[in-house]
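Just so you know, ligand 1 is whichever comes first in the structure, and atom 1 is the first atom listed for that ligand. Sequential numbering from 1 along the given sequence is applied to the chain's residues. Only heavy atoms go into these numbers, but all of them, side chains included; no hydrogens, no water, no symmetry mates.
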Amino acid sequence: MTLHVGVIGTGAIGEDHIRRLTTVITGAKVVAVSDINMDHAKKIAEKYEATCYATGEELIEAPEVDAIVVASWDPSHAHYVLLAIKFRKFVLCEKPLATSAEDCKKIVDAEIAAQKHLVQVGFMRRFDRGYQQLKTIIENGKIGDPLMLHCVHRNPIPGPKHTTEMSIKNSVIHEIDVLRWLLGEDYKTAQVLLPKSSRLAENGLRDPQIVLLETQSGVRIDIESFVNCQYGYDVQCEVVGETGTIRLPDPATAIMRSQGARSYEIFSDWSDRFIEAYDIEFQQWVDAVKQDTVKGPTAWDGYVACITADACTEAREKGTIVPITMPTCPDFYAK
Ligand code: NAD
Ligand code: ISE
């Protein structure tokens, strides 16, 4: 059976996921697309021989659509995910699951009421070969207990409507999720330091920012978020343990010696840097949905990430260390 997928949002990543589902992933076909930018959605629909729906709501309701990918702007996610749950359809929602913890909670409650795991959040770094290697090394005790993590998340330029808050909720949310998964524990406190801002940061954007997180067992994490770094897309992570350290590998690119310099290419954005992770994420999602389930990051993971991001926002605004109170994970989501 071929899984019939509908994609809401045909912008940068939506179009890339449609290409992926069509040319890379086996067992799925994009049958429907929708975007508030109808002109673009129509072009994509034509290119991939899909039906273009006037609204995301119509797409979700359409009987031909078995499962949904939400790749529209962050504030629209919660509405579409809640509607997908109402129609008992599987939904892979790009991160963040919602822009407020309150909306994430509504999704969690709706999924529990449906008594079926339908939601997966697009935290694709969990599928990245490098992060998986870090997790295996940690779990095998090869560096003892992790004590400190030093992370970097740089984008060359921000999106058109990027805000200071989005640097955490839209960008650092990846670290918030993947480090919690890596360490297997929740966070206890959050703090945000604001260094001197880059003169290239426009419209009052505070950039860079340094996020400091502390886990429940006392592991200290620093994450540099710099959305205006100009030179490329750069994600780094070093874990310092009791008996050794491990570092996320830079993706393999050829090293060139030329004109008196040794150099290698740095990717320009996420789409190439994490291409393999997205491919694995989507193949596993399609395979699981065809088995009538989902196995990737859950609505609970999306909720916890949003609670943490909200604490970071509060910490930045108040200039203090903010305690993070995590709700108890319901049995429905307990592994
Ligand atoms: P984009 O601006 O290129 O595309 C978003 C599209 O959504 C636009 O075409 C816009 O018209 C459409 N849209 C906005 N509101 C809508 C609504 N209510 N209904 C239907 N369509 C709507 O942005 P993007 O970079 O493609 O990001 C899209 C989403 O994917 C965001 O939530 C972003 O956080 C996420 N994202 C995730 C990753 C990742 O690494 N996992 C990378 C990039 C983007
Ligand atoms: C973007 O939306 C993503 O999710 C990318 O993975 C991230 O690196 C970037 O900062 C976000 O804006």
Would a distance-only check, ignoring hydrogens and angles, find a side-chain to backbone donor-acceptor pair under 3.5 Å from E111 to V119? yes
Closest protein heavy atom to [atom], given as residue, atom name and distance to 0.1 Å:
| atom | value |
| --- | --- |
| atom 33 (C) of ligand 1 | D74 OD1, 3.5 Å |
| atom 10 (O) of ligand 2 | S171 OG, 2.7 Å |
| atom 6 (O) of ligand 2 | H174 NE2, 3.1 Å |
| atom 2 (O) of ligand 2 | K95 NZ, 2.8 Å |
| atom 37 (C) of ligand 1 | E94 OE1, 3.2 Å |
| atom 7 (O) of ligand 1 | S72 CA, 3.3 Å |
| atom 25 (O) of ligand 1 | A12 CB, 3.9 Å |
| atom 4 (O) of ligand 1 | G11 CA, 3.3 Å |
| atom 5 (C) of ligand 2 | W270 CD1, 3.6 Å |
| atom 28 (C) of ligand 1 | A71 O, 3.2 Å |
| atom 9 (C) of ligand 2 | N155 OD1, 3.4 Å |

Less than 4.0 angstrom from a charged side-chain N to a carboxylate O is my criterion; do [X] and [Y] meet it?
| X | Y | value |
| --- | --- | --- |
| D16 | R19 | yes |
| E175 | R125 | yes |
| K105 | D109 | yes |
| D269 | R273 | no |

Using heavy-atom distances only, which candidate in [options] approaches [atom] most closely?
| atom | options | value |
| --- | --- | --- |
| atom 21 (N) of ligand 1 | T99, I36, N37 | I36 |
| atom 35 (C) of ligand 1 | M38, K95, K161 | K95 |
| atom 10 (C) of ligand 1 | D35, V7, I13 | D35 |
| atom 17 (C) of ligand 1 | Y80, W270, Y53 | Y80 |

Residue pair A201 / D207: nearest heavy atoms and the distance that separates them: CB-CB, 4.0 Å
Atoms of ligand 2 close to Y233 [distance to a heavy atom under 4.0 angstrom, numbered from 1]: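 In order of numbering, the contacting atoms are 5 (C), 6 (O), 7 (C), 8 (O).
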For N170, take its heavy atoms, then give the atoms of ligand 2 lying under 4.0 Å from any of them.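 Answer for ligand 2: 1 (C), 2 (O), 11 (C), 12 (O).
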Ligand 1 contact by [X], heavy-atom criterion under 4.0 angstrom:
| X | result |
| --- | --- |
| H174 | yes |
| S34 | no |
| Y278 | yes |
| G56 | no |
| F274 | no |

Assess whether atom CD of E46 is packed by more than 12 heavy atoms of other residues, nucleotides or ligands within 6.0 Å.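 No - once you tally the heavy atoms of other residues, nucleotides and ligands closer than 6.0 Å, there are 12 at most.
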Is atom CD of Q230 surrounded by more than 12 heavy atoms (other residues, nucleotides or ligands) closer than 6.0 Å?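 Count over threshold, so yes.
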Ligand 1 N/O within reach of H77 N/O, cut-off under 3.5 Å: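 H77 vs ligand 1: N/O contact under 3.5 Å present.
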Checking the N or O distance criterion of under 3.5 Å, is ligand 1 in contact with T10? no
As an exercise, identify every atom of ligand 1 less than 4.0 angstrom from a heavy atom of [X].
| X | answer |
| --- | --- |
| N170 | 34 (O) |
| I8 | 20 (C) |
| M124 | 40 (O), 41 (N) |

Ignoring hydrogens and angles, state whether a donor on the side chain of H150 or Q236 is under 3.5 Å from an acceptor on the partner side chain.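 Side-chain D/A pair, H150 to Q236: absent.
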Between the side chains of H117 and T293, does any donor sit under 3.5 Å from an acceptor? no
Over 60° means perpendicular and under 30° means parallel, so classify the ring planes of Y233 and H153, tilted if in between. perpendicular
Quick one: does H153 get a heavy atom under 4.0 Å from ligand 2?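 Right, H153 reaches ligand 2.
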With heavy atoms only and a cut-off of under 4.0 Å, state how F274 meets ligand 2: side chain, backbone, both or neither. neither
Is W73 touching ligand 1 with its side chain, its backbone, both, or neither, if touching means heavy atoms under 4.0 Å apart? both
